[in-house]
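Below is one structure, written out as structure tokens; the observations come after it.
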Amino acid sequence: MAERPRIRLPKQAKKGDVIEIRTLLPHLMESGQRKGADGKVFPRKIVNAFTCEFNGRLVFSASLEPAIAANPYLQFSAKVEESGTFRFAWTDDDGTVITADESITVT
Amino acid sequence: MRPLSRRHALAALGATGAALALTGWSDGALATVQEAADEIAKFTGGKAPVKAKITIELPEIAENGNTVPLRISVDSPMTADDYISDVLVVADGNPRPGVATFRFTPMSGKADISTRMRLAATQNIVVVAKTNTGALFTGQQQVTVTVGGCVG
């Protein structure tokens, strides 16, 4: 059901560089405010948390509210000192965690 | 809790007969400013943040409230001794004021974040940033919303 996240970051960087990371997860982000034709409110179902780790250490995280637009987009930075792997994780209201890994070579 | 924008609520209030039925709704819209202040107070622990260091990039006029681009950057060296740890974003005219809380680490390199949000109506976006030592900074910007998003 969950769609694949889209992640953009450089494949290579120099030691000490601050790189830009762009992430987007296709997700409806149902706010819990919207009503259907029958007048019933669609129950809230959003991605409420995001984390980004590099080689197991936390780089950036976010708590998201229903006011974040559908297909949550997050662009942030990371300072890289060594080669390694970023792990991205999105947590849905239903408890599902969607993860993705991206590696980078640092010289 | 209401999918009704303030503009719609006010328009409805203007219409005869609708006023009584809708008073509760307009109260809801107005209460958000207070709720936003409460949300900020929870984050700051009641301390007054300094108006500095925060840059907010928002369109002056957002034509589509369903997806309004937002960029926040906070001026900080982002070293292990001195970095921005938490950034709270609230919208004072949405049905619920919370937008997001972003948490940075020295490994973030920069306290800089871009995202897209939903806005129900013209309102203020308030950003409060906290450093690792507990210093607080704030910034605020108004955004005019032409067509409100169906928000939460």
Side-chain angles (χ1 to χ4, degrees), chain A residues 8 13 15-25 27-36 39-82 84 86 93, chain B residues 1-5 28 32 36 39 43 62 64-73 77-80 83-120 123 125 148-152:
Chain A
R8 282 283 178 88
K15 188 172 157 44
D17 274 1
V18 175
I19 61 159
E20 191 179 88
I21 301 174
R22 287 184 282 165
T23 68
L24 185 147
L25 180 73
H27 192 285
L28 199 57
M29 294 292 275
E30 187 60 63
S31 70
Q33 303 283 338
R34 225 158 51 97
K35 280 183 189 159
K40 280 199 190 129
V41 173
F42 293 113
R44 172 184 140 154
K45 189 178 186 299
I46 68 164
V47 169
N48 60 53
F50 171 81
T51 60
C52 168
E53 290 177 353
F54 183 65
N55 291 348
R57 285 187 294 159
L58 187 68
V59 173
F60 169 80
S61 70
S63 306
L64 307 178
E65 301 288 337
I68 293 294
N71 307 325
Y73 169 79
L74 293 168
Q75 179 186 323
F76 53 94
S77 303
K79 191 173 185 182
V80 286
E81 301 285 359
E82 58 187 357
F86 284 98
D93 274 344
Chain B
M1 304 302 290
R2 297 148 181 114
L4 200 67
S5 78
T32 324
E39 193 97 345
F43 181 80
N64 178 3
N66 275 313
T67 173
V68 182
L70 166 71
R71 179 174 178 204
I72 298 164
S73 49
M78 296 303 277
T79 59
Y83 64 94
I84 300 296
S85 57
D86 301 81
V87 171
L88 172 77
V89 185
V90 300
D92 70 5
N94 268 356
R96 289 178 57 225
V99 175
T101 308
F102 302 112
R103 284 176 290 273
F104 299 93
T105 68
M107 282 179 73
S108 306
K110 279 194 278 187
D112 192 315
I113 172 80
S114 298
T115 187
R116 297 174 190 142
M117 60 186 169
R118 294 172 171 145
L119 297 176
Q123 56 186 292
I125 305 304
C150 201
V151 305

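Throughout, protein chains are lettered first and strands after them, A, B, ... in sequence-line order, and every chain is numbered starting at 1.
Residues A/Leu24 and B/Arg116 are in side-chain contact: their nearest non-hydrogen atoms beyond the backbone lie under 4.5 Å apart. Two residues are said to be in side-chain contact when any heavy atoms from C-beta on lie closer than 4.5 Å; B/Arg71 and A/Gln75 fail this criterion.
Pairing each heavy atom of A/Ser63 with each of B/Arg103, the nearest pair is OG-NH2, 2.8 Å. Scanning both residues, A/Glu65 and B/Ala100, for their nearest heavy atoms gives CG-N, 4.2 Å.
Looking only at distances, no side-chain donor or acceptor of B/Thr67 sits under 3.5 Å from a matching main-chain atom of A/Ala69. Panel note: side chain B/Ser108, backbone A/Ser77; no donor-acceptor pair is recorded below 3.5 Å.
With values rounded to the nearest 0.5 angstrom, A/Arg57 atom CZ is found 4.5 Å from B/Met107 atom CE. For the atom pair CZ (B/Arg118) and CE (A/Met29), the distance works out to 6.5 Å, reported to the nearest 0.5 Å. Of the inter-residue distances, the one linking A/Tyr73 atom OH with B/Ile113 atom CD1 reads 9.0 Å to the nearest 0.5 angstrom. Note that CZ of A/Phe50 and OG1 of B/Thr115 are 10.5 Å apart. Values are rounded to the nearest 0.5 Å.
Of the listed residues B/Ala91, B/Gly109, B/Pro69, B/Pro106, the one with more heavy-atom pairs under 4.5 angstrom with chain A than any other is B/Gly109. Between chain B and the residues A/Ile68, A/Asp17, A/Asn71, the most heavy-atom pairs under 4.5 angstrom are made by A/Ile68.
Below 30°, between 30° and 60°, or above 60°: for B/Phe102 and A/Phe60 the angle between ring planes is below 30°, a parallel geometry.
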